[in-house]
Amino acid sequence: QVQLVESGGGLVQPGGSLRLTCAASGSIFSRYDVAWYRQAPGKQRELVVVITSGGRTKYIDSVKGRFTISRDNAKNTVYLQMDSLKPEDTAVYSCTAGFYYGDTAFRHEYWGQGTQVTVSS
């Protein structure tokens, strides 16, 4: 069993930065691919970025060059560094651990509770 806890969300001005953290319990965390999803009010949830168990990454086009995902398996933690934030990045961000099959295909095994990110002046 793996439990995921996100932190690091908050209110930031456009152009600002936040670092989200997804902390996992359980020593098997390193075996899983991890993804960040986001859901804005009135919109469908979307896959933002994936980091595989081997460290490969995939970003959606709208965050390329602005967001960076990384993982520290020794600490059972995945980080999402978000720079040059835009109002359209406003959403609840959730991390999930499971298995990534390419494109947007992800088999979810565990979810965190989500953290709110608000980008506004």
Starting from Trp36, can I reach Val5 by hopping between I/L/V/M/F/W/Y residues whose side chains sit under 4.5 Å apart? no
Quick check: do Ser7 and Thr115 have side-chain heavy atoms less than 4.5 Å from each other? no
Minimum heavy-atom distance between Leu18 and Gly8, given as atom pair plus value: CD2-O, 3.7 Å
Do Thr21 side-chain atoms and Ala23 backbone N/O form a donor-acceptor pair below 3.5 Å? no
Is Phe106 linked to Ile51 within one hydrophobic cluster, defined over Ile, Leu, Val, Met, Phe, Trp and Tyr using a side-chain heavy-atom separation of less than 4.5 Å? no
OG (Ser121) and CG (Leu11) are apart, to the nearest 0.5 Å, by 9.5 Å
Only one of Lys86, Arg38, Met82 clears side-chain contact (heavy atoms from CB on, under 4.5 Å) with Val63; which? Arg38
Assess the pair Tyr93 and Tyr37: is the distance between their ring centroids shorter than 6.0 Å? no
Cation-pi check, Arg71 onto Phe29 ring (under 6.0 Å, within 45° of axis): yes
Would Val50 and Val34 show up in the same hydrophobic cluster when neighbours are defined by side-chain heavy atoms closer than 4.5 Å? no
Do you see a donor-acceptor pair shorter than 3.5 Å between the side chains of Asp33 and Thr52? no
To the nearest 0.5 Å, tell me how far Lys58 NZ sits from Asp103 CG. 6.0 Å
Tell me whether Ser25 contacts the main-chain N or O of Val2 through its side chain, where contact means a donor paired with an acceptor under 3.5 Å. no
Between Lys75 and the options Asn73, Val78, Asp72, the side-chain contact (heavy atoms from CB on, under 4.5 Å) test singles out Asp72
Output the distance between atom CZ (Phe67) and atom CG (Leu20), rounded to the nearest 0.5 Å. 8.0 Å
Quick check against the 3.5 Å criterion: does Glu6 have a side-chain atom that pairs as donor or acceptor with the backbone of Gly114? yes
Which heavy atom of Leu4 sits nearest a heavy atom of Gln113, and at what distance? O-OE1, 3.7 Å
Are the side chain of Gln39 and the backbone of Ala91 linked by a donor-acceptor contact shorter than 3.5 Å? no
Aromatic rings Tyr32 and Phe99: how do their planes relate, parallel, tilted or perpendicular, breaks at 30° and 60°? tilted
Let me check something: do Val48 and Tyr59 share a hydrophobic cluster, defined by ILVMFWY side-chain heavy atoms less than 4.5 Å apart, either directly or through other members? yes
Are the side chains of Arg56 and Tyr100 in touch, meaning some heavy atoms are under 4.5 Å apart? no
I'd like to know whether CD of Gln3 has more than 12 heavy-atom contacts from other residues, nucleotides or ligands below 6.0 angstrom. no
To the nearest 0.5 Å, how far apart are CG in Leu80 and OG in Ser70? 8.5 Å
Hey, what do you get for CG (Leu85) to OG (Ser120), rounding to the nearest 0.5 Å? 12.0 Å
Is it true that Ile60 and Tyr79 fall in one hydrophobic cluster, defined by side-chain heavy atoms closer than 4.5 Å? no
In terms of heavy-atom contacts, Asp83 and Ser17 come closest through OD1-OG, 2.7 Å
With a 4.0 Å cut-off, would you call Lys64 and Asp61 a salt bridge? yes
Hey, could you give me the CD/CD1 distance between Gln81 and Ile69, rounded to the nearest 0.5 Å? 12.0 Å
Any heavy-atom pair between the side chains of Thr90 and Gln116 that's under 4.5 Å? yes
